[in-house]
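Values below: every heavy atom of this structure, side chains too, minus hydrogens, waters and symmetry copies. In the text below, chain A, chain B and the rest are named by the order of the sequence lines, each starting its count at 1.
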Amino acid sequence: MSTDLTTFFHDYLEKQPLFLNKKALQTNYTPSTIPHRVDQINTIASMLAPILRGEKPSNLFIYGKTGTGKTLVTQYVASQVSHVAQERNVPVQVVYLNCKLKRVADTEYRIIAQLAKEFGQDIPATGLPTDEVYKLFLKHLDQDKRLIVLILDEIDQLVKKAGDEILYNFTRINSVLKNAELSVIGISNDLLFMDNIDPRVKSSLNEEELVFPPYNAIQIQDILRQRSNIAFRENILQDGVIEKCAAYAAREHGDARRALELLRVSGELAERKNQQLITIEHIDEAEDKIERDKVLEIVHTQPKQFQLTLLSIFLVKEVSETKPLFTGDVYEIYKDLSQKINLKPLTQRRVSDIIAELDMLGIINAKVISKGRYGRTREIRLAIPISTVPLIKQALQEGLNL
DNA sequence: CGAGATTCATGTGAAGTATACCTTTAGGCTTAA
DNA sequence: AAGCCTAAAGGTATACTTCACATGAATCTCGTA
């Protein structure tokens, strides 16, 4: 037994790994050069540059679909600036916050609490009045004379959930601060985001704006080549692999992150199978796996009630394969299920909200329709490939002890 | 036959409740002078 | 008397419930051509 294992590990080490540096394909990797984003980099850089002279830069809004490099470019430029600032002893601080993270930054209170945490102030999860948290945060912020750049990623999600009051407060913050100065960089996937914002906020926050266009297939290929040179050993990619990854990603509005992920997972699959070549088949397999993992990840991090609701949707779907799904049916099943596992059933009102949130998460599509005489309801459709459903369903059932 | 009224099943908003957690404060106990 | 600890009081955010009203097109009703 143990010898088997030791040989296994020996073999493992003997094997030529496919990856030299897997980090290069991971989402948080920052390459030394960012192709096809020169204009954007320059724009942001020239916007931030005044900070080195101690002047407050304008607020900036960045738009672009997912995987167009918004976050990467912004963080890259910001870190360069703060580097130089540090060398020159200019007090600059960059804070990055992703507003999408559920239960971390999706209400006004939690955003401020999270920001305060970035400045080293711990704020309890509940119990304090919101304006008290503001005060604490401001006090910390204003301790030293410095310039602060606040990067709010996926800011549209925040506003959707918590309203635009927070943004309004951010615009006023500078008049309260005595020592520090704050500028905001907002990043949004939604190009129409600004349309539904309070005009006062709009004018003061939207001083500059910048749009990231999607990459085209050729550009994605460039990116993939650059990264794969770092990540993989030579001659590991079958001809056409890069092209296919790029094509897949270009199909989805030029999402480079997706392309990179596809390549990485393909590599992992090949490696796990002890193969020395990454082939086109691996990509298809990877696509499936990514989709599945993504949903599984979401599913696992959701509260029990969400999981149960989702499972109910799956079950209803199973009963009537082709017929559209409605809230009422889902709720009936949901009630039964929650009885079975001894969970206090929520009211329909709440389940309705949960369904709306599952929709926001992108697992389902729920559209409010009117069936005329037969009332009004949500028509629910799965937004994930059917092939992944059984696995997710199973995971859900296990997670809920069913 | 067609315009308007009706109807259904649930969406949606507002307000209230339960829970978990926070700070403040007052009382009680300990300690040291 | 001063200092420290504890528990109660008073406050908040969040998740959820309760209540009440809003919705909007299929269907019904009924006057009219």
Side-chain angles (χ1 to χ4, degrees), chain A residues 97 99-140 157-170 196 198 298-313 315-317 319-320 323-339 341-361 363-381 383 399-400:
Chain A
L97 186 63
C99 306
K100 199 172 87 180
L101 301 169
K102 190 164 172 149
R103 273 154 218 295
V104 173
D106 60 353
T107 67
E108 180 171 15
Y109 181 93
R110 297 212 259 240
I111 283 281
I112 304 300
Q114 192 61 31
L115 284 174
K117 215 174 260 176
E118 298 283 337
F119 287 93
Q121 168 89 301
D122 225 8
I123 303 270
T126 165
L128 295 185
T130 304
D131 51 337
E132 191 65 26
V133 179
Y134 259 108
K135 267 184 221 148
L136 280 168
F137 170 58
L138 287 178
K139 204 181 91 202
H140 250 72
Q157 298 282 329
L158 171 65
V159 172
K160 213 180 279 173
K161 279 188 192 151
D164 52 13
E165 228 166 277
I166 313 163
L167 295 187
Y168 180 63
N169 285 328
F170 277 133
N196 317 315
D198 189 326
I298 297 174
V299 160
H300 273 133
T301 50
Q302 291 306 309
K304 269 216 164 62
Q305 299 287 7
F306 280 61
Q307 300 187 9
L308 202 56
T309 311
L310 187 57
L311 182 58
S312 311
I313 292 171
L315 289 177
V316 176
K317 184 80 193 167
V319 174
S320 57
K323 266 186 267 169
L325 279 168
F326 302 119
T327 309
D329 309 333
V330 174
Y331 185 65
E332 286 306 311
I333 303 280
Y334 162 83
K335 261 200 305 198
D336 282 0
L337 282 179
S338 51
Q339 293 284 327
I341 62 169
N342 256 337
L343 200 65
K344 196 178 155 227
L346 300 177
T347 51
Q348 181 152 345
R349 176 72 184 81
R350 179 61 185 150
V351 172
S352 173
D353 280 351
I354 290 179
I355 290 176
E357 285 189 50
L358 287 173
D359 178 54
M360 290 247 287
L361 286 168
I363 302 176
I364 60 175
N365 277 319
K367 204 173 79 191
V368 180
I369 57 158
S370 175
K371 291 188 294 165
R373 183 69 204 270
Y374 304 105
R376 219 165 103 89
T377 183
R378 283 201 171 84
E379 191 181 86
I380 302 165
R381 250 187 273 262
L400 296 164

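- In this structure, the side chains of A/Asn169 and A/Glu108 come closer than 4.5 Å at one or more pairs of heavy atoms.
- Between the base of C/dT17 and the side chain of A/Arg349 there is no donor-acceptor pair shorter than 3.5 Å.
- Counting to the nearest Å, the C1' atom of B/dA9 and the CD atom of A/Gln348 are 8 Å from each other.
- Rounded to a whole Å, the CD atom of A/Glu108 is 14 Å from the C1' atom of C/dT14.
- Note: CD (A/Glu379) to P (C/dG24) measures 16 Å, nearest angstrom.
- Closest to the A/Thr347 side chain, of the nucleotides C/dT18, B/dC22, B/dG11, is C/dT18.
- Across C/dA15, C/dC16, B/dT12, the shortest atom-to-atom separation from the side chain of A/Arg350 is found for C/dC16.
- For B/dG11, one of the phosphate oxygens OP1 or OP2 lies less than 4.0 angstrom from a side-chain nitrogen or oxygen of A/Thr327.
- Side-chain atoms of A/Thr377 lie closest to B/dT10 of the nucleotides C/dT23, B/dT10, B/dT12.
- Under 4.0 angstrom from either OP1 or OP2 of C/dT14 there lies at least one side-chain N or O belonging to A/Thr107.
- If you take CG of A/Asp359 and P of B/dG11, they are 12 Å apart, rounded to a whole angstrom.
- Of the inter-residue distances, the one linking A/Leu343 atom CG with A/Leu308 atom CG reads 6.5 Å to the nearest 0.5 angstrom.
- The shortest heavy-atom contact between A/Leu325 and A/Lys317 is CD2-N, 3.8 Å.
- Comparing A/Ser352 and A/Leu128 along DNA chain B, the residue whose closest nucleotide (by nearest heavy atom) sits nearer the 5' end is A/Ser352.
- Per the geometry, CG belonging to A/Leu346 stands 14 Å off P belonging to B/dT19, to the nearest Å.
- Residue A/Arg373 has no polar side-chain atom (N or O) positioned under 4.0 Å from OP1 or OP2 of C/dT27.
- With the nearest nucleotide of DNA chain B identified for both A/Ala356 and A/Lys371, A/Lys371 has the one nearer the 5' end.
- One interatomic measurement links the two molecules: OH of A/Tyr109 to C1' of C/dG11, which rounds to 12 Å at whole-angstrom precision.
- Residue A/Tyr374 places none of its side-chain N or O atoms closer than 4.0 Å to OP1 or OP2 of C/dA25.
- Look at A/Thr126 and you won't find any side-chain N or O under 4.0 angstrom from OP1 or OP2 of B/dT19.
- Between A/Gln305 and A/Lys344, the closest heavy-atom pair is NE2-O, 3.4 Å.
- Rounded to whole Å, the distance from CD1 on A/Ile380 to C1' on B/dA9 is 13 Å.
- Using a distance-only test at 3.5 Å, with no hydrogens or angles considered, no donor-acceptor pair links the side chain of A/Tyr109 to the main chain of A/Val133.
- Atom pair A/Lys344:NZ and B/dA18:C1' shows a separation of 9 Å (rounding to whole Å applied).
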